Amino acid sequence: MRDEVDRLIEAWRRERPDLDVAPMEVLSRVTRLARHLDRARRQAFETHGLESWEFDVLAALRRAGMPYRLSPGRLLKETLVTSGTMTNRVDRLAARGLVERLPDPADRRGVLVQLTDAGRDAVDAAMADLLAHERNLLGAISERDQARIAGLLRELVGPFDQEKH
């Protein structure tokens, strides 16, 4: 089965036979897949009235476990945005009643961001829909092959994740 990347590779090989375009065989497919997945995520979140960035913040809080709260600094690390961006995001989520700011009992000057019941309901519903959609996307691939792909992608992404720690 040929795909768009095959056509791109073929054209580059014809136009620039001096270049080794082999990396494009993998990475162009990863890029194209990422675009399709971003579109699918946006659709899944829209159903629940969420933007992707809102889901990311709410999901970070949900993954923290009870009582679903994190410091703004920890949220920055979880979502890879700047402090100014996070302040704006928390303000907007708080205005919608999806999170609330609480004083940090360990630091009188600090605050914690906590998921509200409405925020938990929204992120849980969006996550369930997202997983159903992703399961459908992977439906034609065996569980064994999914595990192999996951392992190979882990090897590819691993060095980037190590840079952050």
Side-chain angles (χ1 to χ4, degrees), residues 1-65 68 70-93 96 98-99 113 115 119 122-165:
M1 174 174 81
R2 288 177 43 81
D3 65 3
E4 187 62 26
V5 173
D6 289 322
R7 288 183 276 286
L8 295 171
I9 299 281
E10 201 173 87
W12 277 115
R13 284 188 175 139
R14 182 187 66 241
E15 296 300 316
R16 291 291 312 266
D18 57 310
L19 295 178
D20 176 12
V21 295
M24 292 177 70
E25 295 270 2
V26 173
L27 299 178
S28 289
R29 286 183 174 93
V30 169
T31 299
R32 293 177 72 78
L33 179 60
R35 287 183 191 139
H36 290 296
L37 293 175
D38 282 343
R39 198 173 303 134
R41 287 184 85 189
R42 280 194 305 273
Q43 289 171 351
F45 302 151
E46 274 178 19
T47 302
H48 300 282
L50 296 174
E51 304 258 351
S52 291
W53 67 264
E54 291 173 312
F55 177 84
D56 290 344
V57 174
L58 298 175
L61 292 166
R62 182 66 165 103
R63 288 191 310 267
Y68 311 117
L70 292 171
S71 69
R74 186 66 204 164
L75 274 173
L76 293 175
K77 289 178 183 159
E78 292 282 327
T79 60
L80 303 174
V81 298
T82 66
S83 61
T85 298
M86 183 54 66
T87 298
N88 181 275
R89 289 179 176 187
V90 170
D91 288 347
R92 291 172 66 185
L93 289 167
R96 292 188 55 202
L98 300 174
V99 301
V113 179
L115 198 59
V123 73
D124 283 353
M127 183 65 173
D129 279 359
L130 175 63
L131 289 173
H133 189 75
E134 289 181 350
R135 210 170 278 109
N136 186 45
L137 288 173
L138 292 172
I141 300 173
S142 72
E143 286 185 25
R144 182 172 167 230
D145 283 346
Q146 287 180 42
R148 276 186 41 233
I149 292 167
L152 292 169
L153 290 171
R154 187 178 298 110
E155 286 181 41
L156 186 60
V157 173
F160 294 102
D161 286 346
Q162 294 305 314
E163 289 174 7
K164 289 188 269 179
H165 300 331

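Please read these numbers as outputs of a predicted model, since none were measured by experiment. Note that the numbering runs from 1 along the sequence shown for the chain.
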task: Could you tell me the separation between the OG1 atom of Thr79 and the CG atom of Leu61, rounded to the nearest 0.5 Å?
output: 9.5 Å
task: Kindly give the heavy-atom pair with the smallest separation between Glu54 and Gly49, and that separation in Å.
output: OE1-O, 3.9 Å
- request: For the pair Lys77 and Leu70, evaluate side chain to side chain contact (heavy atoms under 4.5 Å, CB included) and give the outcome as yes or no after the intermediate values.
  value: CA-CA 11 Å; Lys77 289 178 183 159; Leu70 292 171; over 6 Å; no
- prompt: Under a 4.0 Å N-O cut-off, is there an ion pair linking Asp145 with Arg148?
  reply: yes
field: Ion pair Arg2/Glu10, N-O distance below 4.0 Å
entry: yes
message: I'd like to check Val57 versus Met86 (side-chain heavy atoms, cut-off strictly below 4.5 Å). Are they in contact?
response: yes
field: Any side-chain heavy-atom pair of Leu76 and Thr82 under 4.5 Å
entry: no
- request: Hey, could you give me the CD1/CD1 distance between Ile141 and Ile149, rounded to the nearest 0.5 Å?
  value: 4.5 Å
- prompt: Atom CH2 of Trp53 and atom OG1 of Thr85: how far apart are they, to the nearest 0.5 Å?
  reply: 10.5 Å
query: Closest approach of Ala60 and Leu75, non-hydrogen atoms and distance?
result: CB-CD2, 3.9 Å
task: Kindly write out the residues that satisfy side chain to side chain donor-acceptor pair (under 3.5 Å) with Arg62, not counting sequence neighbours, or none if the list is empty.
output: Tyr68, Asp124
- prompt: Any sub-3.5 Å donor-acceptor pair from Asp6's side-chain atoms to Asp3's backbone N or O?
  reply: yes
- line: Between the CD atom in Glu134 and the CZ atom in Arg41, the distance rounded to the nearest 0.5 Å is 7.0 Å
message: With a 6.0 Å cut-off (strictly less than), is the heavy-atom count around CD of Glu4, excluding the residue itself, greater than 12?
response: yes
message: Can you give me the closest heavy-atom contact between Leu50 and Ala122, atom names plus distance?
response: CD1-O, 4.0 Å
- prompt: Between CG of Leu37 and CZ of Arg42, what distance do you get to the nearest 0.5 Å?
  reply: 11.0 Å
- request: Would you name the heavy atoms of Ala44 and His48 that are closest together and state the gap between them?
  value: O-CD2, 3.3 Å
- request: Under the side chain to side chain contact (heavy atoms under 4.5 Å, CB included) rule, what do Val21 and Leu8 come out as? Steps first, then yes or no, please.
  value: CA-CA 10 Å; Val21 295; Leu8 295 171; over 6 Å; no
task: Check the surroundings of atom CZ in Arg7: do more than 12 heavy atoms from other residues, nucleotides or ligands lie under 6.0 Å from it?
output: yes
task: Could you tell me whether Asp56 and Arg89 have a side-chain N and a carboxylate O separated by less than 4.0 Å?
output: no
query: Do other residues, nucleotides or ligands put more than 12 heavy atoms under 6.0 Å from the CZ atom of Arg35?
result: no
field: CG-CZ distance between Asp91 and Arg96, expressed to the nearest 0.5 angstrom
entry: 14.0 Å
- prompt: Could Arg29 and Glu25 be called an ion pair, given the rule that one side-chain N must be under 4.0 Å from one carboxylate O?
  reply: yes
- request: Give a yes or no on this: more than 12 heavy atoms of other residues, nucleotides or ligands lie within 6.0 Å of atom CE of Met127.
  value: no
